[in-house]
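Worksheet: one structure, shown below.
Counting starts at 1 for both ligands and their atoms, following the listed order.
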Amino acid sequence: MQVLVIGAGVVGLAVARAAARKGHEVVVAEAANAIGTGISSRNSEVIHGGMYYPTGTLRGRHCVRGRRMLYEFCAAHGVPHRKCGKLIVATNEAELEKIHAIEKQGQINDVEGLEMIGGNAARAMEPELFCIGALHSPETGIIDGHAYMLALRGDLEDLGGAIAFNTPVKGAARKNGQWQVTFGGSGGEFAFDAVVNCAGLGAQGVARAMPDYPATRVPRLIFGKGNYFSYAGKPVFSRLIYPTPIVGGLGVHVTLDLAGRMRFGPDVEWIERENYDVDPARAAAFYARIRTYWPGLPDGSLAPDYAGIRPKLTGPTEPQGDFLIDTPAQHGLPGLVQLFGIESPGLTSSLSLGEEVAGYLAS
Ligand SMILES: Cc1cc2nc3c(=O)[nH]c(=O)nc-3n(C[C@H](O)[C@H](O)[C@H](O)COP(=O)(O)OP(=O)(O)OC[C@H]3O[C@@H](n4cnc5c(N)ncnc54)[C@H](O)[C@@H]3O)c2cc1C
């Protein structure tokens with residue numbers, strides 16, 4: 001089959017690679033001039049364990065399976081990564097209850113190695129930390145996300161696939177048993193047997209530009225912005241440190257990059273329009289939150305860094321959303337797969353999502 005994947009973020013690239021491995025002829029159309037310029041380059045680059053997500057969700061299933069596949073892929077392709085582990089910390093009794101619940105959910109989700117430890121044991125691991133207890137996740141890690149996307153692209157091209165840059169998809173319609181797709185730029189029109197929409201924050205817009213796809217099936221897009229602050233001093237933690245989760249996110253946590261630098265974020269800011277500025281005034285809330293688990297955070301050490309936007313399907317007062325994959329068996333249009341709401345842990349889940357989506361193409 002001739003397959004068009006819309007979007008060259010981490011999910012589109014993983015879907016394209018999986019489809020090419022099945023023997024399909026694959027083209028990726030990307031509106032920007034490079035891979036991974038969207039959500040995929042504005043995240044924490046954490047390989048998540050998978051303990052947070054409710055039973056039966058796509059996020060839970062793909063995170064755990066995707067994580068295992070991702071570590072294998074990194075080892076086989078020389079993608080820089082480190083299984084540094086993570087502590088989810090409780091600073092009071094109410095938070096302790098919350099992390100017990102996360103441990104339980106992690107066991108249901110089949111997350112390996114989770115262990116509840118006391119405050120002293122946590123401080124023995126991370127001397128600067130204050131907590132009365134913590135959940136240790138040894139399988140959590142960090143990855144060079146761009147190197148990972150380059151490796152996916154390499155595999156795709158080795159399998160005969162191609163990426164067309166500066167090629168925004170403007171619309172697609174069923175014609176003579178195929179999908180007639182219109183491209184902007186110097187693109188024109190081409191026919192494909194199958195189309196996969198992995199356009200991230202653009203997914204709803206792309207879906208609305210398909211007249212055969214019922215508009216009622218296109219979910220709302222809600223922007224859950226996440227701001228990061230960089231830390232100027234010498235890193236004091238060697239593992240990822242997370243507080244208990246908040247509505248819409250995992251809480252302002254310590255993230256590390258592969259060079260060992262520390263930064264903090266992301267928080268959750270509900271916004272109406274795409275905008276990546278980090279408001280320096282948000283630092284006050286960062287200092288307050290971080291000092292609950294790191295009392296030694298010096299004044300004046302945080303600086304606005306970058307922001308990413310989660311493509312959420314639910315708002316602050318609604319229950320947590322899930323990934324949404326709309327398949328031919330569900331909407332009735334052959335060869336069309338739409339992906340919506342691929343927020344965290346989409347990077348961790350990408351290889352597993354890719355394999356599942358490639359499996360729907362022949363239907
Ligand atoms: C703040 C934040 C922190 C996160 N942290 C983590 C983490 O630590 N670990 C984790 O596993 N996940 C994390 N995530 C989630 C993860 O980053 C995303 O799930 C993942 O990057 C989504 O990839 P994507 O390919 O779907 O989207 P994108 O990377 O946005 O790719 C979509 C692409 O489609 C292109 N496009 C859009 N419209 C069109 C069009 N009409 N035609 C052609 N191309 C188009 C865009 O240019 C873009 O390149 C985080 C997300 C955020 C926002």
- Query: For Phe223, is the NZ or CZ atom of Lys312 found under 6.0 angstrom from the centre of its six-membered ring and inside 45 degrees of the ring axis?
  - Reply: no
- Item | Phe183 six-ring face occupied by Lys170 cation (under 6.0 Å, within 45°) | no
Heteroatom proximity flag, [X] to ligand 1, N/O under 3.5 Å:
{"X": "Thr348", "answer": "yes"}
{"X": "Ala8", "answer": "no"}
{"X": "Val46", "answer": "yes"}
{"X": "Gly36", "answer": "no"}

Looking only at non-hydrogen atoms, which of [options] approaches [atom] most closely?
{"atom": "atom 23 (O) of ligand 1", "options": "Gly171, Ser40, Gly265", "result": "Ser40"}
{"atom": "atom 39 (C) of ligand 1", "options": "Gly202, Ser349, Ala199, Gly308", "result": "Ala199"}
{"atom": "atom 12 (N) of ligand 1", "options": "Leu347, Thr255, Ile39, Leu70", "result": "Leu347"}
{"atom": "atom 45 (C) of ligand 1", "options": "Gly38, Gly224, Ala31", "result": "Ala31"}
{"atom": "atom 53 (C) of ligand 1", "options": "Asn197, Asn43, Ile309", "result": "Ile309"}
{"atom": "atom 1 (C) of ligand 1", "options": "Tyr228, Phe165, Tyr306", "result": "Tyr228"}

- Query: Taking heavy atoms and a distance under 4.0 Å, where does His48 meet ligand 1: side chain, backbone, both or neither?
  - Reply: side chain
- Message: With a heavy-atom distance limit of 4.0 Å, tell me whether Val10 approaches ligand 1 through its side chain, its backbone, both, or neither.
- Response: both
- Message: Main chain of Asn227, side chain of Glu269: is a donor-acceptor contact present, judged purely on distance under 3.5 Å?
- Response: no
- Going by the atom numbers of ligand 1, which of them fall below 4.0 Å from some non-hydrogen atom of Gly346? 11 (O), 12 (N), 15 (C), 19 (O)
- For atom 22 (C) of ligand 1, find the nearest protein heavy atom and state the residue, atom name and distance (0.1 Å precision). Ile342 O, 3.6 Å
Residues 27-39 side chain polar contacts: donor-acceptor under 3.5 Å, at least two apart:
residue, atom, partner, partner atom, Å
Glu30, OE1, Ala8, N, 2.7
Glu30, OE2, Ala32, N, 2.7

- Might you work through the side-chain contact (heavy atoms from CB on, under 4.5 Å) test for Tyr213 and Leu333, ending with a clear yes or no? CA-CA 8 Å; Tyr213 186 74; Leu333 296 163; 4.1 Å; yes
